[in-house]
Amino acid sequence: MAQIVPFPPARRVDFVERHARMIAGMSAEAGEGHMQRQIDIQRQTLERKGVAADLIEAELKALESAIRAALWRTIMAPGGRA
């Protein structure tokens, strides 16, 4: 039986964009650390909810990709940090 994640982290647009904006204002090292902390928090949350380990890994990869894509858009957008 498939397990469904009712609120996939990568689809939480406000969360993803907020963290991309925060990371854009940090040094590369600090931004990477911030992202890893957020990924760890999401991992703990999904584990507490009893989500299967393989599904957690897939969701966290999707979340990290979503944040990195939003970060790229934030930096490259007109008026962005670049």
Side-chain angles (χ1 to χ4, degrees):
M1 181 181 201
Q3 187 171 11
I4 297 172
V5 177
F7 301 104
R11 294 205 177 167
R12 292 173 44 209
V13 176
D14 291 339
F15 176 88
V16 168
E17 290 180 356
R18 182 176 66 246
H19 287 286
R21 285 190 307 271
M22 282 192 267
I23 292 168
M26 299 176 183
S27 69
E29 185 177 315
E32 192 64 34
H34 178 79
M35 183 172 343
Q36 291 310 312
R37 282 189 300 282
Q38 294 308 311
I39 298 294
D40 288 342
I41 290 168
Q42 295 302 311
R43 178 187 312 281
Q44 293 166 5
T45 300
L46 292 170
E47 287 171 347
R48 265 195 321 274
K49 291 180 179 184
V51 176
D54 58 333
L55 188 53
I56 290 173
E57 290 308 313
E59 287 301 319
L60 296 179
K61 285 179 185 176
L63 176 61
E64 183 174 351
S65 294
I67 293 172
R68 289 186 187 281
L71 176 60
W72 183 255
R73 286 189 304 272
T74 298
I75 292 170
M76 296 305 291
R81 213 179 121 214

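Taken from CD in Glu17 to CZ in Arg12, the straight-line distance is 13.0 Å, to the nearest 0.5 Å. Within the model, atoms OG1 of Thr74 and CD1 of Ile67 stand 11.0 Å from one another, a figure rounded to the nearest 0.5 Å. Interatomic distance, Gln44 CD to Ile39 CD1, rounded to the nearest 0.5 Å: 12.0 Å. Once rounded to the nearest 0.5 Å, the distance linking CG of Asp14 with NE2 of His19 reads 10.5 Å. Between atom NZ of residue Lys49 and atom CG of residue Leu46 there is a gap of 7.0 Å, rounded to the nearest 0.5 Å. Atoms CD and CG, on Gln42 and Leu60 in that order, are 7.5 Å from each other to the nearest 0.5 Å.
Under the 4.5 Å side-chain contact rule for hydrophobic residues, Leu55 and Ile41 do not share a cluster.
A salt bridge between Arg43 and Glu59 is absent, with no side-chain N of the basic residue lying under 4.0 Å from a carboxylate O of the acidic one. Using a cut-off of 4.0 Å between Lys/Arg side-chain N and Asp/Glu carboxylate O, Glu57 and Lys61 are scored as not salt-bridged.
The shortest non-hydrogen separation linking Met26 to Met22 is CG-O, 3.3 Å. Residue Ala70 comes nearest to Val16 through the heavy atom pair CB-CG1, 3.8 Å, listed as atom of the first residue, atom of the second, then distance.
A heavy-atom distance below 4.5 Å is not found between the side chains of Met35 and Gln38.
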